[in-house]
Number of protein chains: 2
Amino acid sequence: MRDTGQVTTSTDTSVEVLTTELRRRGERVTTARLAVAEVLAGTEEHLSAEQIALRAEELRPGIHRATVYRALDALGELGLVTHVHLGKAGTTYHLAGELAQEHQEHLHVRCTECGAVLDVDGKTLDPVRRKLQRDLGFRLDPEHVALLGICQDCSAS
Amino acid sequence: MRDTGQVTTSTDTSVEVLTTELRRRGERVTTARLAVAEVLAGTEEHLSAEQIALRAEELRPGIHRATVYRALDALGELGLVTHVHLGKAGTTYHLAGELAQEHQEHLHVRCTECGAVLDVDGKTLDPVRRKLQRDLGFRLDPEHVALLGICQDCSAS
DNA sequence: CTGCTTGCAAAGTGTTTGCAGGCCC
DNA sequence: GGGCCTGCAAACACTTTGCAAGCAG
């Protein structure tokens, strides 16, 4: 499949919203930040900082890895970008809920055997969240870490 | 409080069981592995590899960091030692369930604001575990990662 | 003795930081 | 034009690995 660039994609929309949001908060809209935003808006995958840097480099050559980290950090502070810790497998980033178009809220579950990452209904941890809130006053962020275990295929073998 | 060394502590028991288990499986019982085991048996804290290395060095000077990693890995393979991923805060190790004396099964919850780690009843994720098993055939390891969120104190401020 | 384990040093990852110059607003 | 952001390089924290010597069984 080839992107003809002829249609207004949801990618454009996300980046537009993000731009507006940056301006509204007095933050600077820079080439590097836009590139990172475009990369994130242009995929449904879970990307590592490294992968984002590579793709950003394709969009706008010359963007440095350190800048990508700083951009992700800045956008994270503003709540526009979120990350998920995958245990030993590192960290992945994606646009925050409101900005992500195709995706609905979900959490991640990773197989420690084969590395596969599965998506699970975002409400799966709601009862746990309520329990922690009630018992400890702890406000759980259900999507911040991937749960670990063994997937069906790996259990079988 | 001072350890007079006059009583048989649960630490001794844990190390003893671990030793037996190693022998039973044809694995070698070495100074380094014993030191690591003693460190883990001697505390209820969650220790990083670095901390374990430091304490092991006190017990038996000359134990190298790399050896600690290898020992933790070996004991982990055998199911005698477990680790918990704390997100950005790294990884901590402890004796596996049967060997840990004082502790009962529990999961960890970490505040991303202040870093505090709270213990939660190990059965908290049981419903989730059953759901994942049923829906996806995924066997959840509830204690392998710490859940993240904001603790009561940090919510208040 | 046989070969698994260790110590050491070095190389890998993944991420952060100090600094000088550049670009956004 | 002022100051935030970037590129670069170096530093960092954490973990892994190749190798020769050492010790467990």
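Residue numbering restarts at 1 for every chain, and letters A, B, ... go by the order of the sequence lines. Quick caveat: nothing in here was measured; it's all calculated off a predicted structure. All heavy atoms count here, side chains included; hydrogens, waters and symmetry mates do not.
In this entry the distance linking CG of A:Leu34 with C1' of C:dC23 reads 13 Å, nearest Å. B:Glu27 places its CD atom 15 Å from the C1' atom of D:dC23, with the value rounded to the nearest Å. In this structure, CZ of A:Arg23 is placed 10 Å from P of C:dC24, rounded to the nearest angstrom. Rounded to whole Å, atom P of C:dG14 lies 16 Å from atom NE2 of A:His83. One interatomic measurement links the two molecules: CZ of A:Arg33 to P of C:dC23, which rounds to 16 Å at whole-angstrom precision. Spacing between atom CZ of B:Arg60 and atom P of C:dT5 amounts to 17 Å, rounded to whole angstrom units.
In this structure, B:His46 and B:Val84 have side chains that are not in contact, with every pair of non-hydrogen atoms separated by 4.5 Å or more. At least one side-chain heavy atom of B:Leu47 sits less than 4.5 Å from a side-chain heavy atom of B:Arg55.
Qualifying ring pair (Phe, Tyr, Trp, His ring centres under 6.0 Å) partners for A:Tyr69, counting only residues two or more places apart in sequence or in other chains: none.
Taking a cutoff of 4.0 Å between a charged side-chain nitrogen and a carboxylate oxygen, A:Glu27 and A:Arg33 qualify as a salt bridge. A salt bridge between A:Lys123 and A:Glu105 is absent, with no side-chain N of the basic residue lying under 4.0 Å from a carboxylate O of the acidic one.
A distance of 7.0 Å separates CZ in B:Arg110 from NE2 in A:His85, rounded to the nearest 0.5 Å.
For the residue pair B:Arg60 / B:Thr31, no side-chain donor-acceptor distance below 3.5 Å is found, with atom types taken as modelled.
Aromatic ring orientation, B:His108 versus B:His94: tilted (interplanar angle from 30° to 60°).
Look at B:Thr30 and you'll find a side-chain N or O under 4.0 angstrom from OP1 or OP2 of C:dT6.
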Base, backbone or nothing for each nucleotide of nucleotides 14-22 of chain D, written B, S, -, heavy atoms under 4.0 angstrom, 5' to 3'? SSBBB----
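Comparing B:Thr31 and A:Ile63 by the nucleotide of DNA chain D whose heavy atom lies nearest to each, the residue mapping closer to the 5' end is A:Ile63.
Axis angle across the helix from C:dC1-D:dG25 to C:dC25-D:dG1, with five pairs used at each end and values rounded to 10°: 40°.
Minimum heavy-atom separation, B:Arg129 to B:Leu140: CD-O, 3.5 Å.
Looking at heavy-atom distances under 4.0 Å, B:Gly62 makes contact with sugar-phosphate atoms alone, never a base.
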